[in-house]
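Numbering starts at 1 and runs along the sequence shown.
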Amino acid sequence: MSKVVDPAAVHEDRAFFGQPRTLANIFGVEMWERFSFYGMQGILLLYLYFSAADGGLGIPQTTAAGIVGAYGGGVYLSTILGAWVADRLLGSERVLFYSAIVIMIGHIALAVVPGIGGLAAGLILVAVGSGGLKANATSVVGSLYAPDDPRRDAGFSLFYLGINLGAFAGPILTGLLQTRVGFHYGFGLAAVGMAIGLTQYSFGRKRLPDAVRLVPDPLPRSRWRGYLLVAILTVVVIVVLVLTGVITASNLVTIVIALTVIATVAYFVVILTNRQITPVERKRVYAFIPLFVASAAFWSLYQQQFTVVTIYSDERLDRALFGWEMPISWVQSINPVFIIVLSGIFAAMWTKWGSRQPSTPMKFAVGTAVMGAAFLLFLPFAGGAANSTPLLAMIGILLVFTVAELLLSPVGLSVATKLAPAVFKTQMVALFFLSVALGSAVSGVLATWYATAPERLYFGVLGGIAILLGLMLALIARPVLRLMGGVR
């Protein structure tokens, strides 16, 4: 018989930097998962478009960027599946654990299976596993706090610190291995990182509150067979569409965008029409809609770190350091450094301000506008020759990326848990991740425009649109806050 963990004791615990002790366990598994995820993603686009002579697959650059965008969208789209399994079948904690295993297997496939076969198997497994882990890790963190605990946003900022410790180290180490011994060794290191995280997490699972193992809305056993048949049929249809050429590498990102939009609309309809949610919960879901739109716009720019910024770093950035050329993937470790430095400052700031801090809608508005400003900072260097952009300039631009991210991303995770109806606890987090899925997939489409449009037009238009969206959200912040029913 498992030991019962008193939720009140967990909520009052302050052993981990003033936060519950069990936050450290989730902090650790997410850190290693991000190490593997960003370590692999740091070299993924390069693996796709580098020539075979350089160890890559030789895929055209625009197609490769589309694949990365589709993969990024697929990761966050699969949070729906992970959240549904948690809320209807297994509970958040078990899905988190099993998802970590799937991720590790995916990285192993990328490391040991050559060519397109290993790429497809590895990316599918990592995407499905990461989707399951993401939504449920966030839900588990939310369960560590009482609903009115003012430490919640600070706790999510510390959780975000763990994410970015992994995100910093991953591209550094996989990039070194990729440049010295090859891409597959970099993918292999990502698998090792996930194995470490899985081992660490397994030792602390029992100390988590019992609420994370509960299934909020259990699916009756009589309906399991029907859902299993639907799942099998879906896989068969996808395989047939791929084999017949309906789904191709070039149109994959468009398909992911369409699926994400359909899933988003369906999710909002399902939640809003559910008879188990209260009128206050329903208003809170309506309040989430403009936040969703702002989040999708933000991520469509931010996720270009893995598409446009990677290509820009390869072709425009001066990466020479004292006669040595820095690996391209290292650029993706700049943002996590700033997150590590600034996340504690933001956490302390939100804690100190308490109820006087800006509301969530205002944080979203400012974050979206700042992200647009970051794109405008590319304009002085746009259209330059090879190696014409100073590394210091890119560092400054990514600093602005970071400020925007801290205003929106950890706050978005937190507000998703606070606005969630009781019967859609994990699935509401998945709905937030759908905004990331949509933005990630759109970033792949935008990368194809980047290949043909003048750089000044590209960065100027996208930056201006983001700033305009931020201003529009700021104008409606008070009505949105009223719909949130006491949640700030």
Side-chain angles (χ1 to χ4, degrees), residues 37-50 56-80 106 110 116 119-120 122-128 130-131 134 167 171 238 242 247-264 292-293 295-315 328-329 331-332 335 371 374-375 378 401 405 409 433-453 455 458-459 461-463 465-466:
F37 181 86
Y38 284 108
M40 181 273 284
Q41 193 152 312
I43 60 176
L44 176 60
L45 180 60
L46 306 176
Y47 177 59
L48 295 179
Y49 78 74
F50 271 26
L57 298 179
I59 297 173
Q61 194 177 82
T62 54
T63 302
I67 291 172
V68 173
Y71 160 72
V75 168
Y76 295 96
L77 185 59
S78 65
T79 58
I80 298 175
L110 281 166
I116 299 297
L119 175 74
L123 292 186
I124 290 171
L125 289 170
V126 173
V128 172
S130 295
K134 279 178 178 293
I238 291 173
V242 171
I247 298 177
T248 65
S250 59
N251 68 13
L252 182 60
V253 67
T254 304
I255 293 171
V256 171
I257 290 174
L259 289 175
T260 305
V261 171
I262 292 170
T264 298
F292 180 96
V293 173
S295 178
F298 167 85
W299 291 108
S300 69
L301 272 61
Y302 179 86
Q303 291 293 81
Q304 290 185 47
Q305 286 186 85
F306 309 111
T307 54
V308 170
V309 174
T310 297
I311 296 170
Y312 190 96
S313 299
D314 182 21
E315 298 178 350
I328 300 167
S329 66
V331 174
Q332 293 183 23
N335 167 256
M371 191 65 237
F375 261 53
F378 278 103
F401 269 58
E405 180 183 5
S409 187
F433 280 126
L434 277 179
S435 71
V436 188
L438 183 57
S440 299
V442 169
S443 75
V445 172
L446 292 174
T448 64
W449 181 38
Y450 171 76
T452 57
E455 282 188 341
Y458 181 84
F459 291 120
V461 168
L462 292 185
I465 290 173

*Asks:* If only atom types and distance count, is the side chain of Thr310 paired as donor or acceptor with the main-chain N or O of Gln305 below 3.5 Å?
*Replies:* yes
*Asks:* Check for a donor-acceptor pair, side chain of Thr448 on one end and backbone N or O of Thr62 on the other, with a separation under 3.5 Å.
*Replies:* no
*Asks:* Check whether any side-chain heavy atom of Thr79 sits under 4.5 Å from a side-chain heavy atom of Val436, and report yes or no.
*Replies:* no
*Asks:* Parallel, tilted or perpendicular: which one describes the rings of Phe298 and Tyr302, with boundaries at 30° and 60°?
*Replies:* parallel
*Asks:* Taking Ser130 for the side chain and Ala127 for the main chain, is one N or O donor matched with an acceptor at less than 3.5 Å?
*Replies:* no
*Asks:* Is the shortest heavy-atom distance from the side chain of Val309 to the side chain of Phe306 under 4.5 Å?
*Replies:* no
*Asks:* What do the steps show when you test Asn335 against Tyr38 for side-chain hydrogen bond (donor to acceptor under 3.5 Å, both in side chains), and what is the final call?
*Replies:* CA-CA 12 Å; Asn335 167 256; Tyr38 284 108; over 6 Å; no
*Asks:* Between Ile311 and Leu45, is any pair of side-chain heavy atoms under 4.5 Å apart?
*Replies:* yes
*Asks:* Counting only N and O atoms by type, is there a donor-acceptor contact under 3.5 Å from the side chain of Ser409 to the main-chain atoms of Glu405?
*Replies:* no
*Asks:* Would you say that Thr264 contacts Leu438 through its side chain, given a criterion of any heavy-atom pair below 4.5 Å between the two side chains?
*Replies:* no
*Asks:* Where the side chain of Thr307 meets the backbone of Ala65, is there a donor-acceptor pair that is under 3.5 Å apart?
*Replies:* no
*Asks:* So Leu446 and Tyr458, do their side chains get closer than 4.5 Å, heavy atoms only?
*Replies:* yes
*Asks:* Flag the pair Val461 / Trp449 as yes when at least one side-chain heavy-atom distance between them is below 4.5 Å, and no otherwise.
*Replies:* yes
*Asks:* Are Leu123 and Met40 packed together at the side-chain level, in the sense that at least one heavy-atom pair is separated by less than 4.5 angstrom?
*Replies:* yes
*Asks:* Please walk me through it: do Phe50 and Ile328 pass side chain to side chain contact (heavy atoms under 4.5 Å, CB included)?
*Replies:* CA-CA 12 Å; Phe50 271 26; Ile328 300 167; 4.1 Å; yes
*Asks:* Out of Val126, Leu119, Val253, Val256, which one pairs with Tyr71 under the side-chain contact (heavy atoms from CB on, under 4.5 Å) rule?
*Replies:* Val126
*Asks:* May I ask you to check whether Tyr450 and Tyr312 place their ring centers less than 6.0 Å from one another?
*Replies:* no
*Asks:* I want to check something: taking the side chain as every heavy atom from C-beta on, are Phe375 and Ile465 in contact at a cut-off of under 4.5 Å?
*Replies:* no
*Asks:* Keeping Ser443 on the side-chain end and Ser440 on the backbone end, is there a donor-acceptor pair under 3.5 Å?
*Replies:* yes
